[in-house]
Amino acid sequence: MGKKVVIIGGGAAGMSTASRVKRLKPEWDVKVFEATEWVSHAPCGIPYVVEGISPTEKLMHYPPEVFIKKRGIDLHLKAEVIEVGQGYVRVREGDGEKSYEWDYLVFANGASPRIPAVEGVTLPGVFKADLPPDAVAIKEYIEKNRVEDVVIIGGGYIGVEMAEAFSAQGKNVTLIERNERVMSKAFDREITDVLEEEMRKRIDLRTQEIVLKIEGSERVEKVITDAGEYKADLVILATGIKPNVELAKEIGVRIGETGAIWTNEKMQTSVENVYAAGDVAETRHLITGRRVWIPLAPAGNKMGYVAGSNIAGKELHFPGVLGTSVTKFFDVEIGKTGLTEAEAIREGYDVRTAFIKATTRPHYYPGAKPIWLKGVVDNETNRLLGVQAVGAEILPRIDTAAAMLTAGFTTKDAFFTDLAYAPPFAPVWDPLVVLARVLKF
């Protein structure tokens with residue numbers, strides 16, 4: 001008799017898990033409960049939908065029919081899991097509440113925005129940018145209301161991307177960040193300095209300001225901080241996210257030191273036959289070996305693949321993450337992999353660093369653009385600990401660096417890596433190789 005698998009959450013991790021189980025055990029009953037109407041959705045695309053680069057409906061990688069008809073997954077949309085017990089879940093659906101049995105349970109219910117505890121966050125015109133329905137709501141609001149002044153609260157990835165989205169449409173954008181610089185948790189100062197210089201040309205960037213309240217009568221009108229007040233026809237809350245662990249706690253699943261669900265390398269939780277994957281789960285850092293919670297899509301998809309494999313009896317281990325990530329603000333790209341200098345020092349490493357400026361092509365070939373790289377190295381072993389980049393064409397450098405870090409490269413290994421060269425693509429000394437040389441070995 002086939003087993004019953006219940007998956008809570010139809011995002012990247014949930015649908016990867018479900019698809020993998022069905023691939024290996026087609027006869028099993030696999031149910032996915034998704035609270036919204038969106039499956040296999042791409043929240044990372046929200047800023048680009050708002051900017052008008054891509055249509056909203058494209059935020060689903062596959063429509064629900066693909067999972068139901070082609071893959072045989074029993075997919076329930078607008079189905080909210082309200083209780084989790086040993087061997088069963090209770091679900092609120094359109095036609096009332098029902099119970100379903102499980103032999104294996106997977107938490108893939110992601111993370112939710114942290115809403116600042118200030119007055120006015122519920123006013124019309126105040127939005128979060130967390131799930132595809134938010135993109136739909138923001139676009140509808142702009143169509144129905146006059147929106148000229150936009151205030152973004154929070155200077156992380158989403159804040160920076162949303163700032164571009166509105167600035168590109170000719171809105172007056174103010175971005176308020178409580179720390180002394182944007183993306184301060186993810187990047188060292190040399191890198192964010194380059195980004196901020198570009199941001200200040202296009203938006204009003206306010207750092208070291210704390211939002212006190214959001215005001216408006218019928219709808220949002222202004223944002224008040226400890227340093228001033230800003231006119232606002234629309235506000236985006238981009239103040240971080242937290243893992244959705246409440247349901248997992250009901251069944252006694254161990255919550256890790258990061259606040260996300262503790263898992264082992266098979267994505268098993270502390271409760272037998274219960275797994276977790278994606279933004280709700282913590283993992284380990286490939287360099288430090290420590291527990292980390294770095295909620296990013298590529299890892300979430302792979303975690304789901306690993307969870308599904310192990311549930312279906314095919315052993316597979318998830319090794320961990322480096323926190324590799326990239327984004328952009330207009331023409332300035334920014335990215336990292338591994339540890340920043342600040343993170344490495346906090347982890348107890350004795351480090352040396354280098355910060356270089358290079359160009360993406362030889363000077364005699366048209367289209368050469370500046371790129372800045374920062375490298376962090378362990379003094380004892382010469383092992384590369386992290387690389388950050390800002391400027392143009394950073395992706396090949398960050399991805400190559402991610403492979404180097406995974407393999408445990410020293411600066412000498414990085415220097416001698418046989419990278420490709422031709423004038424249309426790169427200089428003869430690739431910026432990454434120059435960085436390795438400057439870092440010394």
Side-chain angles (χ1 to χ4, degrees), residues 4-23 28-46 49 56-85 88-102 104-113 128-137 241-248 250-251 253 260-261 267 274-281 295-297 299-305 307-308 311:
K4 295 185 167 119
V5 181
V6 163
I7 296 163
I8 305 172
M15 297 321 290
S16 291
T17 307
S19 300
R20 185 66 180 149
V21 173
K22 281 304 262 189
R23 169 60 59 91
W28 283 18
D29 173 20
V30 178
K31 287 184 165 58
V32 176
F33 297 104
E34 166 54 45
T36 71
E37 320 172 39
W38 297 73
V39 287
S40 72
H41 49 74
C44 310
I46 292 170
V49 167
T56 316
E57 60 278 6
K58 288 274 168 67
L59 286 184
M60 272 199 275
H61 284 296
Y62 297 103
E65 301 79 64
V66 169
F67 295 106
I68 299 165
K69 293 185 177 137
K70 283 198 172 159
R71 299 188 186 177
I73 296 163
D74 184 9
L75 177 58
H76 296 238
L77 296 176
K78 289 190 171 173
E80 186 191 353
V81 176
I82 50 173
E83 188 191 336
V84 176
Y88 76 92
V89 292
R90 279 187 70 69
V91 187
R92 187 183 292 129
E93 302 187 63
D95 51 357
E97 288 180 15
K98 283 191 204 133
S99 275
Y100 298 91
E101 292 177 0
W102 57 264
Y104 293 99
L105 177 66
V106 183
F107 288 101
N109 51 331
S112 294
K128 51 195 191 351
D130 177 51
L131 292 169
D134 297 325
V136 177
I241 59 172
K242 57 183 190 296
N244 297 326
V245 295
E246 293 71 23
L247 283 172
E250 283 183 18
I251 199 171
V253 162
I261 297 174
M267 306 315 299
V274 179
Y275 291 71
D279 289 0
V280 77
L296 293 168
N301 276 289
K302 289 171 196 165
M303 285 178 180
Y305 187 90
I311 289 167

Heavy-atom closest contact ([X] atom, [Y] atom, distance):
{"X": "S19", "Y": "F67", "answer": "OG-CE2, 3.8 Å"}
{"X": "P132", "Y": "L59", "answer": "CB-CD1, 3.9 Å"}
{"X": "V30", "Y": "A18", "answer": "CG1-CB, 3.8 Å"}
{"X": "G10", "Y": "V32", "answer": "CA-CG1, 3.8 Å"}
{"X": "N301", "Y": "S16", "answer": "OD1-OG, 3.1 Å"}
{"X": "K242", "Y": "P113", "answer": "NZ-O, 3.4 Å"}

E37, CD atom: more than 12 neighbouring heavy atoms under 6.0 Å: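 No, CD of E37 has 12 or fewer neighbouring heavy atoms, counting only those of other groups under 6.0 Å.
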
Y62 atom OH, over 12 foreign heavy atoms within 6.0 Å: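 Count not over threshold, so no.
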
Working to the nearest 0.5 angstrom, can you tell me the gap between [X] [atom1] and [Y] [atom2]?
{"X": "D279", "Y": "I261", "atom1": "CG", "atom2": "CD1", "answer": "11.5 Å"}
{"X": "I68", "Y": "L75", "atom1": "CD1", "atom2": "CG", "answer": "4.5 Å"}
{"X": "S112", "Y": "L131", "atom1": "OG", "atom2": "CG", "answer": "7.5 Å"}
{"X": "R20", "Y": "R71", "atom1": "CZ", "atom2": "CZ", "answer": "11.5 Å"}
{"X": "R90", "Y": "F33", "atom1": "CZ", "atom2": "CZ", "answer": "12.0 Å"}
{"X": "I8", "Y": "N244", "atom1": "CD1", "atom2": "CG", "answer": "11.0 Å"}

Side chains of E101 and S99, donor plus acceptor under 3.5 Å: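 No pair is found: no donor N or O on one side chain lies under 3.5 Å from an acceptor on the other.
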
Criterion side chain to side chain contact (heavy atoms under 4.5 Å, CB included) on V91 and H76, from CA distance to verdict: CA-CA 10 Å; V91 187; H76 296 238; 6.0 Å; no

Check: D95 main-chain N/O paired with E93 side-chain donor or acceptor under 3.5 Å: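 Between the backbone of D95 and the side chain of E93 there is no qualifying donor-acceptor contact (under 3.5 Å).
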
Test item: W102 side-chain N/O and V5 main-chain N/O as donor-acceptor pair under 3.5 Å: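 No: the side chain of W102 does not pair with the backbone of V5.
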
Check against side chain to side chain contact (heavy atoms under 4.5 Å, CB included), F107 and I251: CA-CA 11 Å; F107 288 101; I251 199 171; 4.2 Å; yes

V106 vs V21, side chain to side chain contact (heavy atoms under 4.5 Å, CB included): CA-CA, chis, key distance, verdict: CA-CA 11 Å; V106 183; V21 173; over 6 Å; no

Passing option when D74 is tested against K22, K69, K31, K4 for salt bridge (charged side-chain N to carboxylate O under 4.0 Å, His left out):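 Only match with D74 under salt bridge (charged side-chain N to carboxylate O under 4.0 Å, His left out): K31.
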
